[in-house]
Amino acid sequence: MDQQTMKQTLEIRKRGVERTLGSCLEHTSIPDSLREAMEYSLLAGGKRIRPVLCLTWARLFGACEEPVLPFAASLELIHTYSLIHDDLPAMDDDATRRGQPSNHVRFGEAQAILAGDGLLTHAFSMMLSVPLQAERVLAAASEVARAAGPAGMVGGQVMDMALTGLGVTEVETLKRMHSMKTGAMLRVSCLSGALLAGAGSAGLEKAKRFGAALGLAFQVADDILDVIGDEQKMGKPVGSDTKHSKLTYPALLGLERSRRLGDSMVQESKEALSGLQSEEADFLTALAKYVMHRTE
Ligand code: IPE
Ligand code: IPE
Ligand code: MG
Ligand code: MG
Ligand code: MG
């Protein structure tokens, strides 16, 4: 599938996600000021890669999109919470996100922390109420909890903070940090879609392998864009990692070797799809390429 066709499919799939995100905080007794802070970051755009991966893996194994949508969208709530907290002065101290002032700049630190907390917990409420077989929903939600939690994204963020400025030179340490802070959520985005669709063990293995490789490529690309990206297109600061002496791929290996590593991860993700002949698999292959060579 060429990149243009992939982007069209991506846009179509994103529409369902945007619709679900736009209404997921309605009819709940959330204080207005908190809802405003949550929606401010949630509805500010974003590539919506995680929900699209969940939907695509669910489709790949024959599920209808509609009942999976709230689960897929909940992954975006968790991701958005992680971005709000990541930008806080105590963490990366970044003042812009998704093309607008970061949540704490707009609403203050306390409200930003609570908006993040609200998004994280509401995500699980959404996940657990999807109208699909309870066993599948529980299995998928349990995997998301693991991926987002201390042995996944939160643990990776702790490693990111702890390793900042230490001058670590082991690529394995960097890889482990990236696999946890970014890879875990991308991997579970694929895995949860496959679980919700009732995929068998071979299918689940493919989802995990594809997601892990894509996850690493995703953060390698993010690190590269922090060096050479366009602030306008990305909607967040460039040079933040260098400013804070972050442990990143370009800092450790340079741009060229980082690109090669990212490309090898894209290749690995493609190999993970072998044996799956469908339009969805073609879409995933093209999406992996986009993730590595994106400019946003
Ligand atoms: C940025 O994620 C943070 C990382 C995990 C690298 P995205 O690049 O997916 O950000 P949005 O959702 O498109 O804003
Ligand atoms: C953040 O990584 C990963 C998260 C879990 C949010 P970064 O700190 O590199 O993400 P950006 O560059 O600020 O989006
Ligand atoms: Mg960070
Ligand atoms: Mg950051
Ligand atoms: Mg970054």
Side-chain angles (χ1 to χ4, degrees), residues 41-42 44-50 53 75-105 112-113 115-117 119-120 123 144-166 168 173-189 211-212 214-253 255 258 262 291-292 294-296:
S41 296
L42 187 63
K47 295 180 287 295
R48 313 306 197 195
I49 296 288
R50 293 151 191 83
L53 283 170
L75 298 167
E76 191 67 18
L77 269 73
I78 297 178
H79 171 57
T80 304
Y81 122 76
S82 81
L83 298 178
I84 295 175
H85 284 192
D86 182 73
D87 289 336
L88 286 167
M91 293 188 68
D92 292 354
D93 194 15
D94 284 324
T96 50
R97 172 68 66 182
R98 292 180 166 170
Q100 57 182 20
S102 300
N103 199 286
H104 67 273
V105 173
I113 291 167
D117 294 343
L119 287 166
L120 172 61
V144 175
R146 221 194 311 265
M153 191 258 289
V154 172
Q157 288 285 68
V158 167
M159 281 185 78
D160 178 293
M161 304 302 294
L163 294 171
T164 294
L166 286 190
V168 171
T173 308
L174 171 62
K175 190 174 169 190
R176 177 150 181 268
M177 173 182 92
H178 275 24
S179 299
M180 288 171 77
K181 79 169 188 177
T182 304
M185 281 302 294
L186 284 151
R187 177 177 176 272
V188 86
S189 300
L214 183 79
L216 195 53
F218 195 94
Q219 187 63 45
V220 172
D222 184 80
D223 286 357
I224 291 173
L225 287 169
D226 192 84
V227 180
I228 58 149
D230 176 333
E231 218 153 279
Q232 268 324 76
K233 280 191 192 156
M234 290 198 299
K236 64 182 184 184
V238 165
S240 175
D241 294 337
T242 316
K243 189 167 123 198
H244 294 106
S245 309
K246 290 276 182 183
L247 177 60
T248 65
Y249 272 94
L252 202 54
L253 301 179
L255 282 172
S258 301
V291 158
M292 187 53 211
R294 68 201 155 100
T295 54
E296 58 196 338

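Quick note: residue numbers are just sequence positions, from 1. Whatever order the structure lists them in is the order used to number ligands and atoms, beginning at 1.
Between Asp92 and ligand 2, at least one N/O pair is under 3.5 Å apart.
Using a 4.0 Å cut-off between a side-chain N of Lys or Arg and a carboxylate O of Asp or Glu, Glu296 and Lys47 do not qualify as a salt bridge. A salt bridge does not link Asp226 with Lys246: every distance from a Lys NZ or Arg NE/NH1/NH2 to an Asp or Glu carboxylate oxygen is 4.0 Å or more.
The ligand atoms of ligand 2 that sit less than 4.0 angstrom from a heavy atom of Met153 are 5 (C). Using a 4.0 Å cut-off to heavy atoms of Asp222, the atoms of ligand 2 that qualify are 9 (O), 10 (O), 12 (O).
Using a cut-off of 2.8 Å, one finds that Asp92 contributes an N/O/S atom close to the Mg ion (ligand 3).
Taking a 4.0 Å cut-off on heavy atoms, Arg97 registers as neighbouring ligand 2. Close to ligand 2: Gln219, with a non-hydrogen atom less than 4.0 angstrom away.
When hydrogens are left out, the protein atom nearest atom 6 (C) of ligand 2 is Ser82 OG, 3.4 Å; that is the closest non-hydrogen contact. In this structure, atom 5 (C) of ligand 2 lies nearest to the protein heavy atom Lys181 O, 3.3 Å. In terms of protein heavy-atom proximity, atom 1 (C) of ligand 2 is closest to Asp86 OD1, 3.6 Å. Looking only at heavy atoms of the protein, atom 4 (C) of ligand 2 is closest to Gln157 NE2, 3.5 Å. Taking atom 12 (O) of ligand 2 as the reference point, the nearest protein heavy-atom neighbour is Lys236 NZ, 3.0 Å.
Defined by atom type and a distance below 3.5 Å, a donor-acceptor pair is present between the side-chain atoms of Thr80 and Arg98. A donor-acceptor contact closer than 3.5 angstrom is absent between the side chains of Asp241 and Thr248. If you check the side chains of Asp92 and Ser240, you find no donor sitting under 3.5 Å from an acceptor.
Under a 3.5 Å cut-off, the side chain of Arg294 and the backbone N or O of Val291 do form a donor-acceptor pair. In this structure, the side chain of Thr96 does not engage the main chain of Pro101 through any donor-acceptor pair within 3.5 Å.
Of all N, O or S atoms in Asp86, the one lying closest to the Mg ion (ligand 3) is OD1. Within Asp222, the N, O or S atom at minimum distance from the Mg ion (ligand 5) carries the name OD2.
Between Asp160 and Asp86 the shortest side-chain heavy-atom distance does not fall below 4.5 Å.
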| field | Verdict with reasoning, Asp222 to Gln219, per side-chain hydrogen bond (donor to acceptor under 3.5 Å, both in side chains) | value | CA-CA 5 Å; Asp222 184 80; Gln219 187 63 45; 3.2 Å; yes
